[in-house]
2 protein chains.
Amino acid sequence: MAKRTPRGSVTREAVMDAALAVADRDGYEAVTIRALAAEVGVPPMTLYTHFADKAALREGMRERAFEQVVTATAEGSWQEALEEFAGNCRAVLRAHPNWVPLLAAQTGAPSAATLRLFERVFDKMIADGLPPAQTVYAVTAVLSFASGCMLFEGLMVGAGTAPLPTARLDLVRRLHSPDQHPGVAAATAAVDDFSFDAVFELGVRSLVEGIEKLRGS
Amino acid sequence: MAKRTPRGSVTREAVMDAALAVADRDGYEAVTIRALAAEVGVPPMTLYTHFADKAALREGMRERAFEQVVTATAEGSWQEALEEFAGNCRAVLRAHPNWVPLLAAQTGAPSAATLRLFERVFDKMIADGLPPAQTVYAVTAVLSFASGCMLFEGLMVGAGTAPLPTARLDLVRRLHSPDQHPGVAAATAAVDDFSFDAVFELGVRSLVEGIEKLRGS
DNA sequence: ACCTGAACACCGTTCAAGT
DNA sequence: ACCTGAACACCGTTCAAGT
């Protein structure tokens, strides 16, 4: 599967890191084969030694970025592990808003780092009495929520370019006619400190509590 | 803002519907200006009468697709309204898996249809005693989860091309070495009827319950 | 004034020429 | 055998020529 590294040349990891760096600096769309080749310092066609096509490049970028999420400690309850996991997703994507589109990339086999994280969480949940099957549901739900949250936040604040207060103001301003939508106007007017952090925490906490209830079933 | 429709030509809505049809039939990537022009039956450059650039086209597609979600009834509690809303998101995206990448498109002003939905949900939540500010958090959380769920499902089953049991089997097969990850292996082996529907329902229910708790605060 | 054909500056990828 | 330059078939968009 994995092509061997051409002698004396860059590694696959270095290529993926360079691609992530280009996305960080110039935007997700700027990651072209030619631009990446310039970044790495090799002729464009040489890059195909490290991936089959552009979809494979994106998948490699996504997996490489995900490895930064999997820095969880081995301590604590599964509840804490799940919250830390979600929090790491958020931290990484807030630090690198241009990586958000990678969430929509096709997936391949999970990396060893990913499996190590799942292993730890699954073990804790089973030890706590959760039905083994439900652990998969739990992790899927939390990961989905975290992904959707980041996607939605990027959508509303323009991929992290605007500060959060601006996002709220924009939301209010976008209301075409407050007269026709008094409920929306009242709700948005009452939010004077809207924060995606709060939405994120509310969601993760609610999901964890919902999962906890599965213990008795 | 909106360019006026050229006389005797197609409307903006028709262009967006045609774009959604192309995505449905040939895939999201196949929606090029030239392919869309052929679908509509006009010269490529004529399309720029209806949108400024490709990003605006994608935004128009997303908004148009979202209008299919906003078919909620006016009856029932806000809990039911939120669940119906999330369910509609799921139904539309499962019927049109090639539209999933639209979730990552930049957003513009919400359409009148979107506001009408929010209006209804906000009104119900406020009438039920929820703090007005929290209603925004609630809707954001549910919408984020629904989006993330569809994104994640599309990621795992290849944008709806594979049936769900296959998705589970793939998940298990992707485990590099079951020996090294007994917890993961046990958890996935115990899941003999993994269903994204169940994850979706678990998540939506948990989020709604988490929001309900805000009533007293 | 509005519409749109031709042209431009890209893009991902093929393939055969180089080594 | 492996690497990669040139070439191909696209792409979104500009712009000036048409009406």
Side-chain angles (χ1 to χ4, degrees), chain A residues 1-16 18-62 64 98 101-102 104-106 108 159, chain B residues 1-16 18-62 64 98 101-102 104-106 108 159:
Chain A
M1 173 85 61
K3 295 242 181 120
R4 84 186 134 86
T5 305
R7 52 195 175 77
S9 184
V10 289
T11 64
R12 179 189 156 93
E13 285 75 20
V15 171
M16 298 308 164
L20 289 171
V22 172
D24 239 347
R25 189 192 339 119
D26 304 323
Y28 183 74
E29 299 283 323
V31 183
T32 66
I33 305 286
R34 287 167 170 85
L36 178 56
E39 180 83 8
V40 177
V42 298
M45 286 311 299
T46 301
L47 290 177
Y48 281 88
T49 311
H50 299 98
F51 48 79
D53 53 19
K54 189 142 197 211
L57 166 63
R58 282 195 276 249
E59 187 181 308
M61 289 173 68
R62 184 183 49 72
R64 186 75 176 158
N98 289 343
L102 285 173
Q106 297 283 18
Chain B
M1 171 88 62
K3 295 240 181 122
R4 84 186 136 85
T5 305
R7 52 194 173 76
S9 185
V10 289
T11 64
R12 179 189 156 93
E13 285 76 20
V15 171
M16 297 308 164
L20 289 171
V22 171
D24 239 347
R25 190 194 335 122
D26 304 323
Y28 183 76
E29 298 284 322
V31 182
T32 66
I33 304 286
R34 286 169 170 85
L36 179 56
E39 180 83 6
V40 177
V42 298
M45 286 312 298
T46 302
L47 291 177
Y48 282 88
T49 311
H50 299 99
F51 47 79
D53 54 20
K54 189 141 196 211
L57 165 63
R58 282 196 276 249
E59 186 181 308
M61 289 172 68
R62 185 184 48 74
R64 185 76 176 158
N98 288 343
L102 286 173
Q106 297 282 17

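A note on names: the letters A, B, ... follow the listed sequences, proteins ahead of strands, and every chain is numbered from 1.
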Just the rounded figure in Å: distance from C1' of C:dC10 to CD of A:E29.
13 Å
After noting the C-alpha distance and the side-chain angles of A:T11 and A:H50, does the key distance pass the side-chain contact (heavy atoms from CB on, under 4.5 Å) rule?
CA-CA 8 Å; A:T11 64; A:H50 299 98; 6.0 Å; no
Counting primed atoms, P, OP1 and OP2 as sugar-phosphate and everything else as base, the B/S/- map of nucleotides 14-19 of chain D against protein heavy atoms under 4.0 Å is BB----
Spacing of B:K54 atom NZ relative to D:dT13 atom C1', expressed in whole Å:
12 Å
So what does the secondary structure string of DNA chain C come out as, 5' to 3', with Watson-Crick or wobble pairs under 3.5 angstrom, [ ] for crossing and | for pairs with another strand?
||.|||||...|||||.||
Could you check whether any side-chain heavy atom of B:V22 comes within less than 4.5 Å of a side-chain heavy atom of B:T32, counting everything from C-beta outward?
no
Rounded to the nearest 0.5 Å, what's the gap from OH on A:Y48 to CG on A:D53? Could you check?
7.5 Å
Strand-adjacent residues in residues 33-41 of chain B, judged by heavy atoms under 4.0 Å from DNA chain D
B:I33, B:R34
Is the shortest side-chain heavy-atom distance between B:I33 and B:M45 below 4.5 Å?
no
Please report the interatomic distance CZ(A:R58) to CE(A:M16), rounded to the nearest 0.5 Å.
12.0 Å
Rounding to 0.5 Å, atoms CG (B:L20) and CZ (B:R62) come to a distance of 11.5 Å
One should read off an interatomic distance between A:L36 CG and A:L57 CG, to the nearest 0.5 angstrom, of 6.0 Å
With the side chain counted from C-beta on, respond yes when A:V42 and A:T49 share a heavy-atom pair under 4.5 Å apart, and no when they do not.
no
Could you tell me how far apart B:D53 (CG) and D:dC11 (P) are, to the nearest whole angstrom?
17 Å
Round to the nearest Å and state the distance from B:L47 atom CG to D:dT13 atom P.
11 Å
Salt bridge B:R25-B:E39, side-chain N to carboxylate O under 4.0 Å
yes
With respect to the phosphate group of D:dT4, does any side-chain polar atom (N or O) of A:T46 fall under 4.0 Å of OP1 or OP2?
yes
With the side chain of B:P43 defined as its heavy atoms from C-beta on, choose the nearest nucleotide among C:dT4, D:dC11, D:dT4.
C:dT4
Which distance, rounded to the nearest 0.5 Å, do you find between the CZ of A:F51 and the CD of A:E59?
12.5 Å
I need the B:N98 CG to B:E29 CD distance, nearest 0.5 Å.
10.0 Å
